[in-house]
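Positions are given from 1 along the sequence. Everything numeric here is computed off the predicted structure, so don't read it as measured data.
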Amino acid sequence: MMSLLDALANSSEPASLKHLAATTELHPSTAHRILAAMSNARFVEREDAGTYRLGIRLLELGAIVKSRISLREVALPYMQQLHETIGEAINLGARHDDEIVYLERTSSGRSLVRVVYLVGGRAPLHLTSLGKLFLAADGPQKIREYAKRTGLPGKTPHSLTTLTALEKELDKVRRHDIAYDDEEAEMGLKCVAAPIRDDEGNIIAALSVSAPADRHDPEWAAQVKGAADAVSKALGYTSPKK
């Protein structure tokens, strides 16, 4: 599949099956089968003449990658400043389906607690302070659908594993625009997170600070919120006047 994508990328015109098979040294029937699967996934588009070109799905994925890289570049200076102020690990995450994906992290170098989620790692939305922000932005129906899809699995005795408990928690998140993880993903580890919004006011990512429970400071909530708000402002978001 990768060799076919490279061959199509190197071809300025739609390419025939014969050309692609020869270029990639694949048997024509093998190339045809892979191209058919790629066409179904919109990675490749088949022309009426039986030729192929790169599909629109690649453009969509490229736009996602570009937006996240830009987000990391904008957020990183604020993350580093927050890290220097607090002295603990600062995390940047974004939603992908029913999970949080960790895009960037500044390591504290102090924690003796095992870090479960590193850059590129994923975690269920309801187990993380980052993920709760995205769930809180969903309507009641979507939250119920999430609970039904995932079953709300838990990792510690503190994990929110019932819809009632989750809805109660998300109501607090909406009121304060801050979310917490109280040893729900890992015993001994607490987190607090604030949302990052784009120029249209949509939550596109979130910042959190994570640290051992015995070092957790309630003052961090305001500091994380301030950093997240600064990133949002840099991305073009203007908070509504109260």
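- Side-chain contact between P153 and H126 is present, with heavy atoms from C-beta onward closer than 4.5 Å.
- When side chains are defined from C-beta on, Y146 counts as touching L152, because their heavy atoms get closer than 4.5 Å.
- For the pair L207 and V224, the tightest heavy-atom approach, listed with the atom from each and the gap, is O-CG1, 3.5 Å.
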Original post:
Does the side-chain contact (heavy atoms from CB on, under 4.5 Å) test come out yes or no for R197 and N202, once each step is laid out?
Top reply: CA-CA 5 Å; R197 292 180 168 87; N202 301 311; over 6 Å; no
Subject >> Worked check of salt bridge (charged side-chain N to carboxylate O under 4.0 Å, His left out) between E60 and R57 >> reply: CA-CA 5 Å; E60 295 170 352; R57 180 60 179 154; 3.1 Å; yes
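- The nearest pair of heavy atoms linking M187 to P157 is SD-CD, 3.9 Å.
- Interatomic distance, E99 CD to T150 OG1, rounded to the nearest 0.5 Å: 10.5 Å.
- One hydrophobic cluster holds both M1 and V44 under the rule that ILVMFWY side chains link at heavy-atom gaps under 4.5 Å.
- Looking at I196 and L71, their side chains come closer than 4.5 Å, going by heavy atoms from C-beta outward.
- In the model, D229 has no side-chain atom that pairs as donor or acceptor with a side-chain atom of S239 under 3.5 Å.
- Contact annotation: the side chain of L189 never approaches that of E183 to less than 4.5 Å [non-hydrogen atoms, C-beta and beyond].
- The closest donor-acceptor contact from the side chain of R95 to the backbone of D97 lies under 3.5 Å.
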Subject >> Check against side-chain contact (heavy atoms from CB on, under 4.5 Å), L127 and K155 >> reply: CA-CA 8 Å; L127 291 183; K155 282 202 169 186; 3.7 Å; yes
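- L170 CG to R175 CZ: the interatomic distance, rounded to the nearest 0.5 Å, is 11.0 Å.
- Between the side chain of T106 and the main chain of I90, a donor-acceptor pair closer than 3.5 Å is present.
- The shortest non-hydrogen separation linking R174 to L135 is NH2-O, 4.5 Å.
- For the residue pair D181 and T128, no side-chain donor N or O sits within less than 3.5 Å of a side-chain acceptor on the partner.
- Heavy-atom neighbours of H176 NE2 from other residues, nucleotides or ligands within 6.0 Å: above the threshold of 12.
- In the hydrophobic clustering of this structure, L61 groups with L8; members are Ile, Leu, Val, Met, Phe, Trp, Tyr whose side-chain heavy atoms approach within less than 4.5 Å, directly or through other members.
- Taking all atoms of both residues into account, the shortest heavy-atom contact from L160 to A165 is CD2-CB, 4.1 Å.
- Two residues are said to be in side-chain contact when any heavy atoms from C-beta on lie closer than 4.5 Å; W220 and S208 fail this criterion.
- Residues A206 and L133 share a closest heavy-atom pair of CB-CD1, 3.6 Å.
- Side chains of S29 and H27: a donor on one and an acceptor on the other come within 3.5 Å.
- Counting all heavy atoms, side chain and backbone alike, P195 lies closest to A228 at O-CB, 3.3 Å.
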**OP:** Start with the C-alpha gap between N91 and S210, add the side-chain angles, then the distance that decides, and say whether side-chain contact (heavy atoms from CB on, under 4.5 Å) holds.
**Re:** CA-CA 8 Å; N91 311 289; S210 53; 3.2 Å; yes
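- L4 and I56 fall into different hydrophobic clusters, where Ile, Leu, Val, Met, Phe, Trp and Tyr side chains are chained together by heavy-atom contacts under 4.5 Å.
- A donor-acceptor pair under 3.5 Å is formed between the side chain of T85 and the backbone N or O of Q81.
- Interatomic distance, CD1 of I178 versus OG of S129, reported as 9.0 Å (0.5 Å rounding).
- The shortest side-chain heavy-atom distance between V231 and Y237 does not fall under the 4.5 Å cut-off.
- No donor-acceptor pair closer than 3.5 Å links the side chain of E169 to the backbone N or O of E167.
- Atom CD of E13 has 12 or fewer neighbouring heavy atoms from other residues, nucleotides or ligands inside a 6.0 Å radius.
- Expressed to the nearest 0.5 Å, how far CD of E186 lies from OG of S159 amounts to 11.0 Å.
- Following chains of ILVMFWY side-chain contacts shorter than 4.5 Å, one can reach L76 starting from I204, so the two form part of one hydrophobic cluster.
- Few gaps surround CD on Q223; more than 12 heavy atoms of other groups in view lie less than 6.0 Å from it.
- Interatomic distance, R105 CZ to H83 NE2, rounded to the nearest 0.5 Å: 9.5 Å.
- Residues E84 and Q80 have side chains that never bring a donor and an acceptor to within less than 3.5 angstrom of each other.
- Two residues are said to be in side-chain contact when any heavy atoms from C-beta on lie closer than 4.5 Å; R122 and I100 fail this criterion.
- The distance from the NE2 atom of H32 to the CG atom of L20 is 11.5 Å, given to the nearest 0.5 Å.
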**OP:** Apply side-chain contact (heavy atoms from CB on, under 4.5 Å) to the pair M79 and L92, showing each step before the final yes or no.
**Re:** CA-CA 8 Å; M79 293 176 66; L92 173 68; 3.7 Å; yes
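- Using a 4.5 Å heavy-atom threshold, the side chains of L5 and M38 count as touching.
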